[in-house]
Amino acid sequence: MTSSNSPAAVLFADLGLPQPLLQSLSELGYEKPSPIQAASIPILMEGRDLLGQAQTGTGKTAAFALPMLTNLDPKKKHPQLLVLAPTRELAIQVAEAFQRYSRNMGFSVLPIYGGQSYTNQLKQLKRGAQIIVGTPGRVMDHINRGTLVLKDLEALVLDEADEMLRMGFIDDVEWILKHTPESRQIALFSATMPKEIKKVATTYLNNPEHVKIETKTTTASTIRQRYSLVNNNQKLHAFARVLEVEDFDAVIVFVRTKLATVDVAEKLSARGYRCQALNGDIPQNQREQVIDKMKRNKLDILVATDVAARGLDIERISHVVNFDIPLDTESYIHRIGRTGRAGRQGEAILFVTPRERRLLNAIERATNSPMETMEIPSANDINKKRATDFKELIKTTIDKSDLEKFHQLVSEFMQEGDHAPETIAAALAYIAQSNKPLFEAETEFKPPKREFDRNDRNDRGRGRSSRDGNRDSRDNNRDRGKRKKGPHKAEDMRTYRIQVGRNDGIKPGNIVGAIANEADLDSKNIGHIKINDDHSTVDLPKTMPKAMVKKLQKAYVCGKPMGLSES
Ligand code: ADP
Ligand code: MG
């Protein structure tokens with residue numbers, strides 16, 4: 001077994017890769033092989049079987065693609081290499097990598113996956129695809145139909161084998177393995193090595209070489225890890241503040257459930273971020289579009305579950321936010337591996353609730369690095385940042401825009417009245433903030449005040465709070481449809497009117513999001529919501545403090561003033 005912790009000292013040229021590959025690598029800006037690449041490439045080039053283990057983001061794709069491309073023959077027009085990947089996204093990603101690496105060689109690479117039309121796949125298969133990258137189900141289909149013939153297959157790669165196991169594809173994978181010639185070479189890559197994967201390896205791999213790259217140094221070196229201790233119902237507020245001051249390019253936010261992806265994404269969108277949910281319920285082609293949008297700079301925040309985001313490689317991701325702490329340390333390592341790609345600096349932020357402190361300790365032990373604590377920015381910090389940004393905007397506008405007409409307008413205005421230039425500028429700044437106040441009024445990030453909610457306290461007394469504190473906001477969203485019959489007694493609630501309705505595109509989620517965020521009110525306290533064409537109504541606890549009502553009166557929903565009033 002090869003085990004390595006230190007960065008490889010070799011160069012790609014030392015590994016005996018052919019010139020066209022070295023050329024593409026230098027075009028791609030790869031300087032030297034990563035440890036898994038340095039260890040795997042020579043073994044696979046020799047034609048030996050390999051069992052490779054390394055965490056995500058360590059360059060496993062090139063670790064198999066480069067030697068395989070070296071060994072394949074561009075002149076033979078039948079399927080020579082089959083790569084199996086767990087998801088459509090990963091299949092596309094790997095196929096794209098093959099295309100990039102082989103662009104000076106002339107191979108035809110074909111991704112095949114479920115959900116895509118057969119016609120197109122068939123056409124391309126007939127045309128003589130040499131490298132097939134597919135998900136197990138669709139590959140099986142094509143083998144069964146006789147449209148994918150593997151009798152001359154040279155090599156097979158099982159990529160992210162543990163994930164294929166987790167997604168229940170292991171029988172399909174074995175079936176496919178049995179439908180390939182005995183003589184084919186096999187490379188099996190996996191971030192973890194559960195016993196089922198080991199079993200596949202011992203059954204099908206021929207005297208394989210094991211390569212294992214230890215994970216510890218990879219997490220610690222390029223990713224700064226910070227955490228903040230917050231209560232569950234503070235998380236969104238805390239996160240929103242962090243987002244305001246943090247200098248980010250793209251962010252991936254991890255939550256524990258599919259419902260939470262939608263919930264958090266809605267709330268962030270309501271705050272004006274370009275944000276979308278990514279979960280297993282979203283149809284594949286839409287997921288792909290979302291990822292593509294992220295890559296093309298059209299989207300900045302993805303809220304995802306572990307499964308939906310596994311293995312995603314988006315270079316722009318500067319921040320990974322663990323909105324919900326993962327339950328196992330391996331997931332944590334996988335998650336934060338979405339940033340700090342290929343030696344860049346990345347940021348990992350973790351929210352921990354008091355009862356999850358032990359999980360935090362476990363993560364620190366596993367990654368072998370204590371995390372920094374992170375203060376939630378105060379309103380003052382945020383206002384300072386907003387002021388700086390605003391000044392910057394003024395400066396770039398002066399530098400870059402054609403202001404002539406406005407100059408005239410301002411001169412006219414000055415001649416007509418007796419106003420100091422500063423006063424005029426201040427008035428224009430006031431107008432420029434449009435309906436959104438530039439400065440946050442609240443002074444401190446306070447722990448939530450929930451004392452006003454009697455039910456809540458009673459529950460605690462009866463021990464109902466012994467259930468996992470994480471469930472609260474999400475489980476309540478699950479109740480959204482049933483809110484009518486919810487836990488709220490009509491006599492405890494008051495109906496308020498909101499001047500935004502169906503015509504403005506509002507959905508109950510927007511109202512829940514806006515109210516929960518703006519008033520820092522746990523969504524469990526939000527009662528029945530009714531959407532009409534030109535207005536909506538929402539039931540809120542009678543015990544809600546005046547200050548909260550005031551705040552809501554100034555709040556926005558779907559970009560419009562909520563105009564909350566008693567109905
Ligand atoms: P894994 O499959 O282990 O999760 P990937 O193969 O997706 O990792 O690679 C992660 C990222 O690192 C990709 O963006 C890839 O282009 C980049 N990369 C891989 N190898 C190198 C290298 N030797 N030098 C620079 N970047 C690399
Ligand atoms: Mg991979």
Side-chain angles (χ1 to χ4, degrees), residues 4 7-15 17 21-41 44 50-69 83-103 111 133 135 157-164 166-167 187-193 211-215 217-219 221-223 249-250 252 291 294-295 306-307 309-318 320 330-331 333-346:
S4 165
V10 287
L11 300 172
F12 281 115
D14 301 333
L15 298 171
L17 295 170
L21 275 180
L22 293 175
Q23 168 84 25
S24 336
L25 292 173
S26 101
E27 284 162 12
L28 288 169
Y30 288 16
E31 284 176 333
K32 60 175 179 34
S34 69
I36 186 86
Q37 291 162 0
S40 307
I41 291 172
L44 290 174
L50 179 128
L51 186 59
Q53 188 179 355
Q55 74 167 83
T56 12
T58 51
K60 292 194 285 296
T61 318
F64 59 79
L66 298 176
M68 294 287 178
L69 285 167
V83 181
L84 293 178
T87 65
R88 175 177 175 152
E89 288 93 343
L90 287 172
I92 292 170
Q93 205 166 285
V94 170
E96 283 173 355
F98 266 97
Q99 260 145 3
R100 277 199 298 274
Y101 299 143
S102 71
R103 67 176 160 212
V133 186
T135 50
V157 177
L158 308 179
D159 192 18
E160 308 251 9
D162 53 350
E163 189 57 15
M164 292 204 273
R166 215 153 74 153
M167 294 178 67
L188 188 160
F189 283 90
S190 204
T192 59
M193 221 30 94
V211 170
K212 184 176 179 182
I213 307 296
E214 299 298 342
T215 57
T217 48
T218 342
T219 47
S221 59
T222 59
I223 304 172
D249 188 2
I252 184 154
I291 291 158
M294 185 85 158
K295 285 187 178 163
D306 285 312
V307 171
R310 173 77 185 240
L312 281 190
D313 178 30
I314 304 176
E315 279 206 15
R316 281 185 63 218
I317 293 175
S318 57
V320 169
E330 285 209 355
S331 300
I333 291 168
H334 285 307
R335 286 176 176 191
I336 70 167
R338 302 299 102 232
T339 185
R341 307 290 278 176
R344 290 176 167 207
Q345 181 64 40

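Both ligands and their constituent atoms are indexed starting at 1 by order of listing.
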### Query
Ignoring hydrogens and geometry, is there a side-chain-to-backbone donor-acceptor pair from Glu160 to Ala191 under 3.5 Å?
no
### Element-labelled atoms of ligand 1 that are located less than 4.0 Å from some non-hydrogen atom of Thr61
2 (O), 5 (P), 6 (O), 7 (O)
### Message
What I want to know is whether Gly59 and ligand 1 share at least one N or O pair that is separated by under 3.5 angstrom.
### Response
yes
### Task
Enumerate the atoms of ligand 1 whose separation from the nearest heavy atom of Lys32 is less than 4.0 angstrom.
22 (C), 23 (N), 24 (N)
### Message
Distance under 4.0 Å to a non-hydrogen atom of Phe12: what atoms of ligand 1 satisfy this?
### Response
23 (N)
### salt_bridge(Glu315, Lys295) N-O dist < 4.0 Å
no
### Query
Any N/O of Gln37 closer than 3.5 Å to an N/O of ligand 1?
yes
### Message
Could you tell me if Gln93 and Glu89 have a donor-acceptor pair between their side chains, going purely by distance under 3.5 Å?
### Response
no
### Task
For Phe64, check ring pair (Phe, Tyr, Trp, His ring centres under 6.0 Å) against everything at least two apart and list the hits.
Phe189
### Query
Any N or O on Lys60 sitting closer than 3.5 Å to an N or O of ligand 1?
yes
### Summary
Between Pro67 and the options Leu15, Leu21, Leu50, Leu44, the side chain to side chain contact (heavy atoms under 4.5 Å, CB included) test singles out Leu44
